[in-house]
Amino acid sequence: MFKYGIDHLTVDKVIAIAKGELKAVITEAVKEKVNVCRAKVETMANSDAAVYGINTGFGPLCDVQITPEETSKLQENLLITHAVGVGNPIDKTLSKIMMICKVHALCQGFSGVRLEMIERIVYFIENNILPVVPEQGSVGASGDLAPLSHLFLPLLGEGEFWVKDEILPAKEVLANHGLEPLTLMAKEGLGLINGTQFILSHAIVGLKKMEYLLDLADVAGAMTLEGYSGNVSPFKEELHKIRPFKGNLKVAERMRILLKGSQNVEDTSFPRVQDPYSIRCMPQVHGASRNAFNHLNELAEIEMNSVTDNPIVLSETEAISGGNFHGQPLAMALDYASIAAAELGNISDRRCYLLLEGKYGLPRLLTTAGGLNSGFMIPQYTTAALVTENKSLCFPPSADSVPTSLGQEDHVSMGSISGRKFNQILGNLDKIFAIELMYAAQAMEFRRPNTFSEIIEENFSIVRSKVAKLEEDRVLKDDINILVTMVKNQDFKVA
């Protein structure tokens, strides 16, 4: 059981809560903490002293004081006016993760929203009542204003929910559950829509996917090495201990494990002094991508256990209007991770190309019937297109900033775009690795009767369970799509 506002949240725990595999609760101690903070907000709301967002307007209107009677309308207007997202809806899982992360932040007792509001969000999570959130419109400071506004408009009976794969008005869905729309009180609009949960949810989903793809990159690379009859000496532990980057050490160790017991790598039929970089530098390249993954994972874990709204309520008289909502810490790391993910695709494409050259016992284009047949010539065009698309997605949005809110918000992170692009790149990796696995399995056919390591033989069999050896030209699109689905479903054994 996970306790909101108390326990430490991780990527795996968020995913488990979202899947319903881990129960998350609000304890009595946390309820008390939330209520105490709420009392502080109510004291400030009824005070003559101006406190940003509690009894004042927002952004450049922070110098306009609001009466206690106008407070509810002020907060309601905030959500309504900020719900200006455009584009396709984000995946339903992302909406759910956003709510989980927001509840955990609100339960830490610095945001000042009522317990009733938090419990309603928890009800949405537990009953899969998932708001419809457009993918575009956030600049990543003051956090993810537009996406979070769409996420929480349904609390008021506005906006829309997913019901299975259908989009329905929020009022209709609430009525079906016997729920009345809530009325926002002082500070609650800000507490809901200030924050980085849109950026964070994309980081969480991307990290979970990249974790598998990093391991799959090693497996695909090892299978290509087997097909290429490559050299295993570049993976020796002694070599990497004298340049001990954590990622490099990890990949070198994995390559030793993946290739252990292979009869094929002991075959000296095709001797050479050294392999091309895409074979022998896998620890350095894959390892660098692992280092970037580790950095993003570390920062995302800090963020998901942080309070990122504004202002932060510290006492009955002090609410600090700071910048915890600014998405730059995640935005820059997401851009770094995007480059790291793209590089996994770049080196995979190069390995695909190597297998087509017709060297070291392999036929050109991996077919013995070349001429009449083109063999595997063309799928590498697809990997080339995908890696170039990924390169174009590597422009760092965090390096850009467009001032908003009449200059009050004069530097923004654009981290929402960083998060979306990160996941686009990872989606392209599914396809690139599918093609490399197809190529590697074909190349391995030409190394028989040699045997491979147990895990490589297992993955070879997984490919062959769905995709046959290419003897004569056939439509390869179907084979590629099957393997892409297998990669997405994480059907390959990576450890």
Side-chain angles (χ1 to χ4, degrees), residues 1-31 33-34 90-111 113 115 117-131 133 143-144 147-148 151-152 191-192 195-215 250 290 292-309 324 327 329-330 333-334 337 341 415 419 422-423 426 488-490 494-495:
M1 182 178 292
F2 180 83
K3 298 183 284 294
Y4 283 121
I6 297 176
D7 291 343
H8 188 78
L9 207 51
T10 64
V11 168
D12 286 340
K13 288 178 184 177
V14 174
I15 299 295
I17 295 169
K19 288 182 176 180
E21 299 169 352
L22 177 62
K23 176 72 173 175
V25 299
I26 304 175
T27 66
E28 292 302 318
V30 167
K31 290 178 182 179
K33 187 163 55 172
V34 168
I90 63 173
D91 188 86
K92 287 175 275 190
T93 299
L94 286 167
S95 293
K96 197 170 190 180
I97 290 172
M98 287 174 71
M99 290 193 291
I100 291 166
C101 292
K102 175 59 79 171
V103 168
H104 189 52
L106 296 176
C107 282
Q108 294 183 50
F110 294 96
S111 302
V113 305
L115 178 61
M117 195 70 61
I118 301 173
E119 289 177 332
R120 177 62 62 87
I121 301 169
V122 171
Y123 182 89
F124 290 168
I125 294 167
E126 292 179 343
N127 290 276
N128 280 311
I129 307 174
L130 306 178
V133 178
D144 297 308
L148 285 167
L151 189 73
F152 294 124
L192 292 171
T196 60
Q197 283 76 32
F198 182 88
I199 300 171
L200 180 57
S201 67
H202 282 77
I204 289 169
V205 169
L207 282 164
K208 190 63 178 175
K209 184 176 181 66
M210 188 176 181
E211 183 177 29
Y212 177 78
L213 291 176
L214 282 163
D215 287 343
K250 177 73 172 178
R290 283 183 180 271
F293 167 86
N294 290 338
H295 183 54
L296 177 59
N297 190 67
E298 176 190 355
L299 297 187
E301 197 165 307
I302 292 171
E303 190 78 334
M304 68 183 80
N305 291 286
S306 298
V307 180
T308 59
D309 62 279
N324 279 13
L330 284 187
L334 281 162
F422 176 48
N423 282 276
L426 293 171
K488 287 181 177 178
N489 292 340
Q490 302 188 0
V494 296

Do side-chain atoms of Gln108 reach the backbone of Asn305 as a donor and acceptor pair under 3.5 angstrom? yes
Is the side chain of Thr196 donor-acceptor paired with the backbone N or O of Gly327 at a distance under 3.5 Å, no angle test? no
Which distance, rounded to the nearest 0.5 Å, do you find between the [atom1] of [X] and the [atom2] of [Y]?
| X | Y | atom1 | atom2 | value |
| --- | --- | --- | --- | --- |
| Ile100 | Met304 | CD1 | CE | 11.0 Å |
| Leu151 | Leu192 | CG | CG | 9.0 Å |
| Gln197 | Ser95 | CD | OG | 12.5 Å |
| Leu213 | Lys488 | CG | NZ | 11.0 Å |
| Leu334 | His295 | CG | NE2 | 10.0 Å |
| Leu207 | Asn294 | CG | CG | 9.5 Å |

Ignoring hydrogens, what is the shortest heavy-atom contact between [X] and [Y]? Give both atom names and the distance.
| X | Y | value |
| --- | --- | --- |
| His202 | Phe422 | O-CD2, 4.4 Å |
| Ala18 | Ile97 | CB-CG1, 4.2 Å |
| Cys107 | Val30 | O-CG1, 3.4 Å |
| Ser201 | Met98 | OG-CG, 3.5 Å |
| Ala333 | Leu296 | CB-CD1, 3.8 Å |

Could you walk me through whether Ser306 and Asn324 pass the side chain to side chain contact (heavy atoms under 4.5 Å, CB included) check? CA-CA 9 Å; Ser306 298; Asn324 279 13; over 6 Å; no
For [X], check salt bridge (Lys or Arg N to Asp or Glu O under 4.0 Å) against everything at least two apart and list the hits.
| X | value |
| --- | --- |
| Lys250 | none |
| Glu298 | none |
| Asp7 | Lys3 |
| Lys92 | Asp165 |

Evaluation steps, side chain to side chain contact (heavy atoms under 4.5 Å, CB included), between Lys31 and Ile118: CA-CA 10 Å; Lys31 290 178 182 179; Ile118 301 173; over 6 Å; no
May I ask you to test the Leu94-Val133 pair for a side-chain heavy-atom distance under 4.5 Å? no
Quick one: do Thr93 and Lys19 satisfy side chain to side chain contact (heavy atoms under 4.5 Å, CB included)? Show the steps, please. CA-CA 9 Å; Thr93 299; Lys19 288 182 176 180; over 6 Å; no
When you look at CZ of Phe293, are more than 12 heavy atoms from neighbouring residues, nucleotides or ligands closer to it than 6.0 Å? yes
Asp12 vs Thr10, side-chain hydrogen bond (donor to acceptor under 3.5 Å, both in side chains): CA-CA, chis, key distance, verdict: CA-CA 5 Å; Asp12 286 340; Thr10 64; 5.5 Å; no
Step by step, work out the side chain to side chain contact (heavy atoms under 4.5 Å, CB included) result for Asn297 and Glu211. CA-CA 10 Å; Asn297 190 67; Glu211 183 177 29; over 6 Å; no
Looking at residues at least two apart in the chain, or sitting in another chain, which of them share a side chain to side chain contact (heavy atoms under 4.5 Å, CB included) with Ala24? Phe2, Tyr4, Ile17
Under a 4.0 Å threshold between the charged nitrogen and the carboxylate oxygen, would Asp215 count as salt-bridged to Arg290?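 Result for this pair is yes, salt bridge flagged.
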Who are the ring pair (Phe, Tyr, Trp, His ring centres under 6.0 Å) partners of Phe152, not counting sequence neighbours?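 With neighbours one apart ignored, the set is empty.
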